[in-house]
Amino acid sequence: MSLKTNDPSKKTWLPVAANSDFPIQNIPFGVFLTRDDVITIGTRIGDYAIDLGALHQLGYFNGIPLTDDIFLQDTLNDFISDGHKTWRLVRNRISEIFDITNPILEKNQEHRNIVLFTMDEIEMQLPVQIGDYTDFYSSKEHATNIGSMFRDPENALLPNWLHIPIGYHGRSSTIIASGNNIRRPMGQTLPKGASKPEFGPSKMVDFELEMAFITTDANKLGESIPIEEAEKYIFGLVLLNDWSARDIQKWEYVPLGPFMAKNFASSVSPWIVTLEALEPFRVESPKQDPKPLPYLQQQGKNSFDIHLEASITPEGGDPSTITKSNFKYMYWTMAQQLTHHTSNGCKILSGDLMGSGTISGTTPESYGSMLELAWQGTKPVSLQNGEKRTSIQDFDTVTLKGFCEKDGVRIGFGTVETKLLPPLQSNL
């Protein structure tokens, strides 16, 4: 599909660094607090945040059927609910306003002072009100690694894994935007060799390198979404660090799966990159064998070539990149995940967040968690300063990055950056 906004030759009159994640071809959406303490919906080009509420009030979206307050809100939920046609019209208009051949806003200094902010003048917020959060388990390499560690390496995948996108429902109340610190969780664990559990701080906090897609209102209760229509209901993607406490998880996960080990924090990048911006980076997914049941079968290119990496920065130190992976490794696609999610009639709403699950590649350098990188603590990961890690330590900052690159255009997600702090004093 050819879209005007994706033209690799398109330029903007705003200054944009050559390696920026946010060229005029991106046009992501987010929510930020301005220098005047006003919260607004916006987009970003280069190192400039653009106040879409102000642009709308100044008449730059005339001709597009938008409510007066569509961008004067503290979440993107209502805008996302307007659907694909509105998203495209707005992105096209933004692309026109900031095109290098369009001088209307460029030459109007008064309006520029109102709508443009440098990134150090704003504070990014969580972009949507997340009603429901689902985390999938869709990387074959990751699932195989975990199965090899905890079960029979010869039968690492459970019998259902190759037939359905496995997932679980998590807490939306503890999903936070990049830049917010988290606390080491307290919990119940069974120490090695012990016969009784104990309660205390987790000793095995881990990151998970993931992405997540955000939906629009998709169906009525009882209705399912056909596979060929599923992407119509996906607004865009963010980076996701789905934190885990491995020692808590090991003790609790049988028989019902993730609980306290996963619900203490999940961090997301604040800019939502639309599927339209990612169109040029479509690639084929891994071959699925056995072939899925008919309702999950797809043709064509249904994944995206998104380069991912994670780094650890110790307190006062420099960042050390510890893994590089790619979204294209995902065995189950976003459309398959959404179709399966609604196959029983489950209702999907605007702002729902669907995590990919840990994204691991085929080599040890591409594993998406410390559990895999350090292989259950047997192969400590070295940092630049000589320190070693088998899990995330207090005051470590974990940073995830993601970007696509093709034909001289880089479309990125920015970062999701989170520092782990010691636990609060427990009164239990």
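Because only heavy atoms are used, hydrogens play no part in the values below, and waters and symmetry mates are left out as well, while side chains stay in. If you read the sequence from its start, that first residue is 1, and numbering goes on from there. Computed from a prediction, not measured in an experiment: that's the story for all the values here.
To the nearest 0.5 angstrom, I64 atom CD1 is 10.5 Å from K85 atom NZ. Atom CG of D247 sits about 11.5 Å away from atom CD of Q188, to the nearest 0.5 Å. Between L66 atom CG and L52 atom CG the span is 10.0 Å, to the nearest 0.5 Å. Here the CZ-CD distance, from R246 to E208, works out to 4.5 Å after rounding to the nearest 0.5 Å. In this structure, E231 CD and I225 CD1 are separated by 12.0 Å, a value rounded to the nearest 0.5 Å. Here the CZ-CZ distance, from F281 to F304, works out to 10.5 Å after rounding to the nearest 0.5 Å.
By the 6.0 Å contact criterion, NZ on K10 is enclosed, its count of non-hydrogen atoms from other residues, nucleotides or ligands being greater than 12. Counting non-hydrogen atoms of other residues, nucleotides and ligands closer than 6.0 Å to CD of Q73 gives a total above 12. No more than 12 heavy-atom neighbours from other residues, nucleotides or ligands sit within 6.0 angstrom of CE on M260.
Inter-residue side-chain proximity for K291 and Q297 is flagged as met; some heavy-atom pair is nearer than 4.5 Å. The side-chain heavy atoms of E309 and L400, taken from C-beta on, include no pair separated by under 4.5 Å. Looking at K401 and L308, their side chains never come closer than 4.5 Å, going by heavy atoms from C-beta outward. L275 is listed as a side-chain neighbour of L237, based on a closest heavy-atom distance under 4.5 Å. Side-chain contact between Q376 and F150 is present, with at least one heavy-atom pair separated by less than 4.5 Å. Contact of the V398 side chain with the N241 side chain is registered, since non-hydrogen atoms from C-beta on lie closer than 4.5 Å. Here the side chains of P226 and T339 are not in contact, with every heavy-atom distance at 4.5 Å or above. Within the 4.5 Å cutoff, no side-chain heavy atoms of P23 are placed close to those of R410.
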Ring pair (Phe, Tyr, Trp, His ring centres under 6.0 Å) assessment of F79 paired with F71: CA-CA 8 Å; F79 174 67; F71 297 125; 5.5 Å; yes
Test log, rule side-chain contact (heavy atoms from CB on, under 4.5 Å), inputs L158 and R151: CA-CA 10 Å; L158 292 172; R151 292 187 299 274; 3.8 Å; yes
Residues D36, T34; criterion side chain to side chain donor-acceptor pair (under 3.5 Å); working and verdict: CA-CA 5 Å; D36 300 316; T34 72; 4.6 Å; no
Check against side-chain contact (heavy atoms from CB on, under 4.5 Å), V38 and F32: CA-CA 8 Å; V38 174; F32 58 84; over 6 Å; no
Worked check of side chain to side chain donor-acceptor pair (under 3.5 Å) between S303 and S285: CA-CA 6 Å; S303 191; S285 305; 4.5 Å; no
Can I get a per-line list of side-chain donor-acceptor pairs under 3.5 Å for residues 366-375, giving both atom names and the distance, sequence neighbours left out?
residue	atom	partner	partner atom	Å
S366	OG	G361	N	3.3
S366	OG	T362	N	3.4
S366	OG	T363	N	3.2
S366	OG	T363	O	2.7
S366	OG	T363	OG1	3.3
S369	OG	E372	N	3.4
S369	OG	E372	OE1	2.8
E372	OE1	H142	ND1	2.7
E372	OE1	S360	OG	3.1
E372	OE2	H142	ND1	3.3
E372	OE2	N145	ND2	2.8
E372	OE2	S360	OG	2.9

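S172 places a side-chain N or O within donor-acceptor distance of the main-chain N or O of I130, the cut-off being under 3.5 Å. At least one donor-acceptor pair under 3.5 Å links the side chain of R44 to the backbone N or O of G46. No donor-acceptor distance shorter than 3.5 angstrom exists from the side chain of E417 to the backbone of T415, with no hydrogens or angles considered. In terms of modelled atom types and a separation under 3.5 Å, the side chain of T323 and the main chain of E365 share a donor-acceptor contact. Not a single donor-acceptor pair under 3.5 Å links the side chain of D78 to the backbone N or O of I70. Of the possible donor and acceptor atoms, one in the side chain of T144 sits under 3.5 Å from a partner among the backbone N and O of K140.
Exactly one residue among I175, D135, T134 makes a side-chain contact (heavy atoms from CB on, under 4.5 Å) with L353. That residue is I175.
With sequence neighbours excluded, the residues satisfying ring-ring contact (aromatic ring centres under 6.0 Å, His included) with F235 are F29, W87.
A donor atom on one side chain and an acceptor atom on the other are not found under 3.5 Å apart for N263 and T174. Judged by distance alone, the side chains of D318 and N385 never bring a donor and an acceptor atom under 3.5 Å apart. Counted by atom type alone, Q25 and T5 present zero donor-acceptor pairs between their side chains at under 3.5 Å. Counted by atom type alone, D242 and S266 present one or more donor-acceptor pairs between their side chains at under 3.5 Å. Counted by atom type alone, S391 and Q393 present one or more donor-acceptor pairs between their side chains at under 3.5 Å.
What you find for L72 and G53 is that their closest heavy atoms are CD2-CA, 3.8 Å. Scanning both residues, P185 and V205, for their nearest heavy atoms gives CD-CG2, 3.8 Å.
Ring centroid separation for the pair Y137 and W332 does not come in under the 6.0 Å cut-off. Between H341 and H169, the ring center distance clears the sub-6.0 Å criterion. Two rings, from F259 and Y253, have their centers 6.0 Å or more apart. For Y168 and F136, the ring centers sit 6.0 Å or farther from each other.
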